[in-house]
Amino acid sequence: MSSYGSSNSSNNTTITPQGAPNRRNTELFLLIFAVMVPVFAYANVGLAMDGSLPAGMLGYGCGMGGLALVAHLVMRRFAPYADPLMLPLATLLNGLGLVMIWRLDKAGPLIPKNYPAASNQLMWSGLGVALFLGVLVLLKDHRILQRYTYISMAVALVLLAAPAFFPSRPEDFGAKIWIHLGGFSIQPGEFAKIILTVFFSGYLMVKRDALALASRRFMGLYLPRGRDLGPIIVIWILSILILVFETDLGSSLLFFGLFVVMLYVATERTSWIIFGLLMSAVGAVVVASFEPHVKIRVNAWLDPMAAFGPHPPAGATEQIGQSLFAFGSGGVMGTGLGQGRSWLILFATKSDFILGSFGEELGLAGLMAIFLIYGLLVQRGLRTAVAARDPFGKLLAVGLSSAFAIQVFVVAGGVTGLIPLTGMTMPFMAQGGSSVVANWALVAVLLKISDTARRPAPEPAPSPDAEATQIVRA
Amino acid sequence: MNKPIRRVSIFCMLLVLALMVRANWLQGVKAHALATDTNNKRVLYDRYAHPRGNIFLANGKPMTKSEFVNGLRFKYKQSWTDGEMYAPVTGYSSQTVGNTQIESLEDDFLSGNDDRLFFRNTLDMLTGKPKQGGNVITTIDQKAQKAAYDALKGKKGAAVAIDPTTGAILAMVSTPSYDPSKFAGQDTSAYTKYLSDPNGPMINRALKETYPPGSTFKIVTAAAMFENGAPYNNPNDRTQTPQVYMLPNTHTPLTNESKYEPCANATVLVAMEYSCNTVFAKIGHEVGKDKLAAQAEKLGFNNAKVDTPVRAAESVFPRDSDIPGTALDAIGQHNTRVTPLQMAMVASAVANNGSLMQPYMVDKEQTPDLTTISQTKPKEMSRAFSPETAQKLQTLMQGVVESSHGTGYAARIPGVTVGGKTGTAQHGENNKELPYAWFISYAKTGDTPKVAVAVVVESNEGDDRAGIAGGKLAAPVAKAIMEAVTGK
């Protein structure tokens, strides 16, 4: 890994020297760890909770290993030059998430309405990997996505707006981010995240010069022209609407943050960031002050222990306090897998709050490792953006990576009490079909860009002279 | 576009860094506070996640045992052998209503979370041994405890026995009592029932209840007098006491139990043997409030922090009574209030030649494999009075038991030197309520004091008022305890 890093940092040109190794063997080696670690974790849970190795261990190991192996083999064929770290990192996160969900399944009636979710999640992970493979095989070049810029916008808008028209269930706790169809639920926001990034990339690639250059200087800042401002205002209004109608603070933060980042990268103008931050701050403050759902969450963040008091404020839940207890009780070394009591969080233990279980059972040590894995995955995505040769690819890679990063921050920040809690899931780890499927697709697109970026330039046509020279040398 | 991408990448790393800093704050800096927060139910579940340590009698027999119940949230449950007998010592440890007394004060040690068990726990973790709580060895003497309990059974009262030379509490009984096993688990119906019982079985009368001490307080008044050297300096000094004593500054007459008692101008010894109110009220008035209070405070009165380690209620000798009030305070009426423990301490100071030992009931803390982690060293709480005074008080108290007309004759034990003092404490408005029967005593074999006892019995409606005298109701209980300790 280190030799890989140094060979690239010393060479920031987008053309890899000819004959550079394609790093698939590194990936395979890392994948073995990425599969073994969760399998051992699985065994650990079984030993800690039942005193014996879990019966499903072989099946789980084979399933995980099989999925990883198929993904790896398809990578060898369809994305041979892609980044070697992303697949193992995603596999590791997904595997650990599965173990934790299974462990919480075993908490049984300690969690109200607890039902076995691990096998379902394994199925969704399989589906996610299938979509991952589909993207790798069918998407010949990421630039094809550019053609669908405006269709993407329309699809993203529909996906974002859809949950507002579906009735929410009581256990959604007021956040309308699901579509409930029959037996299962979809969280369209997870897919919208990717599709919206495709739209932003396509749109900004075309408009970046107009946005960057045609601006007026005002008090040391470059302000955009009114007509260029249009789309930003639209996005801003959209994210405020999401906030108001779907009471989903997280998604709104995610989409707006994503747009500001991409705008900044496309135009290279710092003024956009200031502009964006101002707008989001105004939006957040205004909405938080009159939207009761958001207000409750902000209050719960400011005083998470108020819910335990003799006079809990209206709508207060113990969730955040319980989550903080889980982290605190885990301490530095954690209780060990299967030996914590994170089921005390009760609601959304397996989804939004799964990090609390990791914090309690793996401790600070484990949590730091998990944050590093997420950080590394994001950095590999951004590294791909640096290496990509086309502006669309760069924007797409930056967008997907930073959306991923913001999501991790918003969720982890929420459950650790760093920022107000919002209803989003920890990518790859949390229970939730939409999330795991969408994030596998996200990684697939990043890998595809990475493959294109790191693919060696085609060799110049061999000239007879050169051949002759070689023969002489030989 | 690479420059802004690099900046975005720094920004993303800052996001991750913020999460890491937060995680360190939560799981490093705040970890202990969060893990032990009162609202964190893990504290409760942890208490019963491993076999909890037990509380033992001095002879090594356990009073409690940890039962494996394998519940959903609780793996173990605490239970008691002879709960009603031992509850006043151990307190309870309940999954639902919390912990009290030793079960609460030694909770960290019993649940194995005490820092002093850290090394052991780590060693056990490495060798794969399941975690186990430490044990607490008390000073309770099984025979004395049982004798006290059996003697008090069916009555409402309390008894405390102390080893005068060390302060070790040998017995502590309160009746009616409760069985902590009955609400140690999830079912709290027994607890609610106990709480609503008008007889107050959950009250630890030995430590937490205060009573008027009645005539037993005359020992303290006598001690203050002898220390003062005035008005009388010897048990055989003849006092100047009228047959009916008018409380100073009032027209309220104070009489004795019966007009046939030879209290008028009686010697101090005779006055103590007959328990003459007139004599000691007058002495109390003459010694004065301040000297009485100073003597009482040397014996542990007016001290809110008498810890055994379970904290006893504060026994009070009032410093704010008026002059006739003080005369009544001096015979243990009016505003004087004591715990049975306090009166046992008074008896123990007399028996131990004026040296009051700090009462304690936790002898040792031991790891599950019997390594002693800490041991309580007996320590002197105060020099309550001089050995000479102690000798005089012993003469008085032995007179009470051994003289032919002494009120405490019921506590005589052949072959053992017993000193005692009865008390019949009036209480209620105009003293209408049935009185409390008291007896405090000590037993010596040879010159060695073995045990000091205080017994209080709250009389029942059925008892006839005349029959409620300390000598009748309480002295046999004290005798049973002293016999158990001295083996006679």
Side-chain angles (χ1 to χ4, degrees), chain A residues 12 108-110 208 261-262 264-270 305 307-309 318 321-322 324-332 334 340-341 344 359-360 363-365 367-368 371-372 374-375 378-379 381-383 385-386 388 391 394-395 397-398 401-402 404-406 408-409 412-413 416-418, chain B residues 1-50 70-75 95 112-113 115 118 121-122 124-126 128 130-131 186:
Chain A
N12 274 332
L110 291 169
R208 55 191 284 248
V261 164
M262 293 186 69
Y264 167 65
V265 172
T267 59
E268 305 193 21
R269 286 250 181 268
T270 322
M305 301 304 169
F308 295 104
E318 295 183 358
Q322 290 290 4
L324 296 183
F325 288 154
F327 283 110
S329 305
V332 174
R341 294 194 184 86
L344 279 167
E360 179 168 359
L364 178 61
L367 205 58
M368 295 293 275
F371 286 148
L372 277 178
Y374 277 115
V378 169
Q379 289 303 312
L382 291 167
R383 184 70 189 72
V386 170
K394 274 182 185 298
L395 283 170
V398 162
S401 310
S402 38
F404 193 88
I406 292 170
V408 168
F409 177 75
T416 55
L418 185 59
Chain B
M1 275 196 268
N2 282 351
K3 201 169 118 196
I5 294 176
R6 288 208 177 84
R7 284 193 181 150
V8 169
S9 115
I10 289 169
F11 169 70
C12 288
M13 273 339 269
L14 284 178
L15 290 185
V16 174
L17 191 70
L19 292 177
M20 288 178 157
V21 169
R22 178 69 183 175
N24 275 281
W25 171 251
L26 278 184
Q27 303 201 269
V29 183
K30 298 286 280 182
H32 184 73
L34 286 168
T36 55
D37 191 289
T38 45
N39 292 315
N40 190 343
K41 293 207 184 80
R42 287 168 185 80
V43 178
L44 179 61
Y45 296 144
D46 264 344
R47 196 176 279 157
Y48 303 103
H50 321 282
N70 202 17
L72 200 56
R73 292 174 176 81
F74 298 96
K75 297 291 165 209
Q95 294 168 0
N113 295 332
D115 288 341
F118 177 79
N121 288 342
T122 315
D124 282 352
M125 197 174 74
L126 293 176
K131 186 176 169 185
Q186 293 295 298

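Letters A, B, ... mirror the listed sequences (proteins, then strands); counts begin at 1.
- The CZ atom of B/R42 lies 15.0 Å from the CZ atom of B/R47; values are rounded to the nearest 0.5 Å.
- When A/A397, A/G417, A/P391 are compared by the number of non-hydrogen pairs under 4.5 Å with chain B, A/G417 comes out ahead.
- Proximity to chain B (any heavy atom under 4.5 Å) is shown, for A/A326, by both the backbone and the side chain.
- Contacts of A/L372 with chain B are made by both backbone and side-chain atoms, with heavy-atom separations under 4.5 Å.
- At least one side-chain heavy atom of A/M305 sits under 4.5 Å from a side-chain heavy atom of A/L324.
- Contact tally against chain A (heavy-atom pairs below 4.5 Å) for B/D37, B/T36, B/N40: the top residue is B/N40.
- Between A/F308 and A/F325, the two ring planes are tilted [angle within 30° to 60°].
- The main-chain N or O of B/K131 is never found under 3.5 Å from a side-chain atom of B/D124 such that the two would form a donor-acceptor pair.
- Across B/L19, B/I5, B/V29, the residue that shares the most heavy-atom pairs under 4.5 angstrom with chain A is B/L19.
- Contact tally against chain A (heavy-atom pairs below 4.5 Å) for B/V21, B/L34, B/N24: the top residue is B/L34.
- Chain B forms more heavy-atom pairs under 4.5 Å with one residue of A/G359, A/G330, A/G413 than with any other, namely A/G359.
- With a 4.5 angstrom heavy-atom cutoff, A/V265 touches chain B via backbone and side-chain atoms both.
- With a 4.5 angstrom heavy-atom cutoff, A/L418 touches chain B via backbone and side-chain atoms both.
- Remark: the backbone N or O of B/S9 is paired with a side-chain donor or acceptor of A/Q379 at under 3.5 angstrom.
- Heavy atoms of A/Y374 lying under 4.5 Å from chain B are absent altogether.
- Between A/F371 and B/V16, the shortest heavy-atom distance links the atoms O-CG1, 3.7 Å.
- A donor-acceptor pair is defined here as one N or O able to donate and one able to accept, closer than 3.5 Å; such a pair exists between the side chain of A/E360 and the backbone of A/R341.
- With a 4.5 angstrom heavy-atom cutoff, B/A18 touches chain A via backbone and side-chain atoms both.
- No more than 12 heavy atoms of other residues, nucleotides or ligands sit less than 6.0 Å from atom NZ of B/K30.
- Residue A/V332 touches chain B through both its backbone and its side chain, counting heavy-atom pairs closer than 4.5 Å.
- Contacts with chain B were tallied for A/V398, A/L110, A/L367; A/L110 has the most, counting heavy-atom pairs under 4.5 Å.
- For B/R22, the part lying near chain A is the side chain, with the backbone staying farther off; criterion is any non-hydrogen pair under 4.5 Å.
- Nearest heavy atoms, A/L382 versus A/S401: N-OG, 3.5 Å.
- Annotation: maximal heavy-atom pairing with chain B below 4.5 Å, among A/G331, A/G375, A/G340, occurs at A/G331.
- Shortest non-hydrogen contact noted between A/S402 and A/V261 is OG-CG1, 3.6 Å.
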